[in-house]
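Data block below; observations after.
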Amino acid sequence: MAAPSAPKLTATLREEKGKGAARRARRAGNVPAVIYGHGEAPRHLAVSARDFAAILRHNGTNAVIDLDIEGKSQLALTKQVDVHPIKSYIEHADFLIVRRGEKVTVDVVVVVEGEAQGGTVVTQDSNTLQVEADALSIPDQFAVSVEGAEAGTSVYASDIELPAGVTMLTAPETLVVAVNEAKAAAEPEAAEGDAEAEGGEDATADSEGGEAAEDAGE
């Protein structure tokens, strides 16, 4: 079986630093980035925003990329991606230098699938789980199925099925997904009856107050 391959991405070294330089890089269609790790001094890079976004769509946020830094190949893990909160473009990225066969620690997204039984509410308590995995064999996500699950069902970190070579670092007792009984909503008729009763009491009080005022006037 062939060793997994990493998607390739061309990167150029950035001599300019700072917010102004980052804005100019983004206007040119690039993502400002930094690469560090293994005792090497951080290097500031620029990568194509379009090509980088395509890699993330196909490989997830823990993508390991074969960066071509001005003709030299460098394997790197996408450690952090900052996205603009409104316009949704990639503002900045951090890359961590990795070696083939090296183990890395990453947070993997949890996705809930399926429909639980009627009258239940599904609550996701953990959006990610931390694992240790080979740099080129990081799981894209962990799928948790609640199809047909009944109230009282709980899924913990220890219940997640892991691929070979992947170690769970999140505490085994961590709750991931819970299926609970849905609480019945208050009946509208009862609420309206209470409101009418309160209104009736207020009307009676007003009436008695009016009668008392009339008596005092006489």
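Counting non-hydrogen atoms of neighbouring residues, nucleotides and ligands closer than 6.0 angstrom, the CD atom of Glu15 reaches no more than 12 such neighbours. Summarising the local packing, CZ of Arg50 is surrounded by 12 or fewer heavy atoms from other residues, nucleotides or ligands at distances under 6.0 Å. No more than 12 heavy atoms of other residues, nucleotides or ligands sit less than 6.0 Å from atom CD of Glu181. The local environment of CD in Glu70 is crowded, with over 12 non-hydrogen atoms from other residues, nucleotides or ligands closer than 6.0 Å.
Listed here is the closest heavy atom pair of Leu162 and Met168: CD1-N, 3.5 Å. Of all non-hydrogen atoms in Pro7 and Asn59, the two that sit nearest each other are CG-ND2, 3.9 Å. For the residue pair Leu75 and Ala6, the shortest heavy atom distance occurs at CD1-CB, 3.8 Å. Taking each heavy atom of Thr153 and Glu150 in turn, the nearest pair found is OG1-O, 2.7 Å. Counting all heavy atoms, side chain and backbone alike, Ser137 lies closest to Val166 at O-CG2, 4.3 Å. For the pair Arg43 and Glu40, the tightest heavy-atom approach, listed with the atom from each and the gap, is NH2-OE1, 3.6 Å.
Using modelled atom types, one side-chain atom of Glu147 and one backbone atom of Glu115 make a donor-acceptor pair closer than 3.5 Å. In this structure, Gln130 contributes its side chain and Val106 its backbone to no donor-acceptor pair below 3.5 Å. With Arg26 contributing its side chain and Glu91 its backbone, the two residues share a donor-acceptor pair below 3.5 Å.
Each ring-ring contact (aromatic ring centres under 6.0 Å, His included) pair with one or both residues in residues 98-131, not counting sequence neighbours, would appear here, but there are none. Evaluation of the ring-ring contact (aromatic ring centres under 6.0 Å, His included) test over residues 10-68, restricted to residues two or more places apart or in two chains, returns Phe52-Phe95.
In this structure Ala21 satisfies the side chain to side chain contact (heavy atoms under 4.5 Å, CB included) test together with Glu16, Arg24, sequence neighbours excluded. Partners of Asp107 under the salt bridge (Lys or Arg N to Asp or Glu O under 4.0 Å) rule, at least two apart in sequence or in another chain, do not exist in this structure. With sequence neighbours left out, the side chain to side chain contact (heavy atoms under 4.5 Å, CB included) criterion links Glu113 to Val111, Gln141, Ala143. Residues forming a side chain to side chain contact (heavy atoms under 4.5 Å, CB included) with Val122 (at least two apart in sequence, or on another chain): Val112, Ala116, Val146, Val177, Val179. Residues satisfying the side-chain hydrogen bond (donor to acceptor under 3.5 Å, both in side chains) test with His84, not counting sequence neighbours, are none. For the side chain to side chain contact (heavy atoms under 4.5 Å, CB included) test, residues two or more places apart in sequence or in another chain that qualify with Asn127 are Gln124. Here Lys103 pairs with nothing under the salt bridge (Lys or Arg N to Asp or Glu O under 4.0 Å) rule; sequence neighbours left out.
Annotation: side chain of Ile35 is in contact with side chain of Ile97 (closest heavy-atom distance under 4.5 Å). Side-chain contact between His92 and Val34: present, with at least one pair of heavy atoms (C-beta onward) separated by less than 4.5 Å. When side chains are defined from C-beta on, Leu77 counts as touching Ile138, because their heavy atoms get closer than 4.5 Å.
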Exercise for review: Using the side-chain contact (heavy atoms from CB on, under 4.5 Å) rule, take Ile90 and Leu56 through it: C-alpha gap first, then chi angles, then the decisive distance, then the call.
Suggested key: CA-CA 11 Å; Ile90 301 174; Leu56 295 180; 3.9 Å; yes
Fill in: Steps toward side-chain contact (heavy atoms from CB on, under 4.5 Å) verdict (Val176, Asp159)
CA-CA 9 Å; Val176 180; Asp159 299 320; over 6 Å; no
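Apart from Val121 itself, the hydrophobic cluster it occupies contains nothing, where clustering links Ile, Leu, Val, Met, Phe, Trp and Tyr at side-chain heavy-atom distances under 4.5 Å. Hydrophobic cluster membership for Tyr89: none, as no Ile, Leu, Val, Met, Phe, Trp or Tyr side chain comes under 4.5 Å of it. Hydrophobic side-chain contacts under 4.5 Å tie Leu175 into a cluster, directly or through other members, with Tyr156.
Taken from CG in Asp66 to CG in Leu136, the straight-line distance is 9.5 Å, to the nearest 0.5 Å. Interatomic distance, Leu169 CG to Thr174 OG1, rounded to the nearest 0.5 Å: 11.0 Å. Taking NZ of Lys8 as the reference point, atom OG1 of Thr10 lies at 9.5 Å (rounded to 0.5 Å). Once rounded to the nearest 0.5 Å, the distance linking CG of Leu129 with CD1 of Ile160 reads 6.0 Å. The CD1 atom of Ile69 lies 6.5 Å from the CG atom of Leu13; values are rounded to the nearest 0.5 Å. Distance CG/Leu45 to OG1/Thr12: 7.5 Å, rounded to 0.5 Å.
In the hydrophobic cluster analysis, where Ile, Leu, Val, Met, Phe, Trp and Tyr join through side-chain heavy atoms closer than 4.5 angstrom, Val108 is grouped apart from Ile55. In terms of hydrophobic clustering, with Ile, Leu, Val, Met, Phe, Trp and Tyr side chains grouped at heavy-atom distances under 4.5 Å, Val64 and Val131 are assigned to a common cluster. Tracing side-chain contacts under 4.5 Å through hydrophobic residues (I, L, V, M, F, W, Y), one reaches Val155 starting from Val110; they form part of the same cluster.
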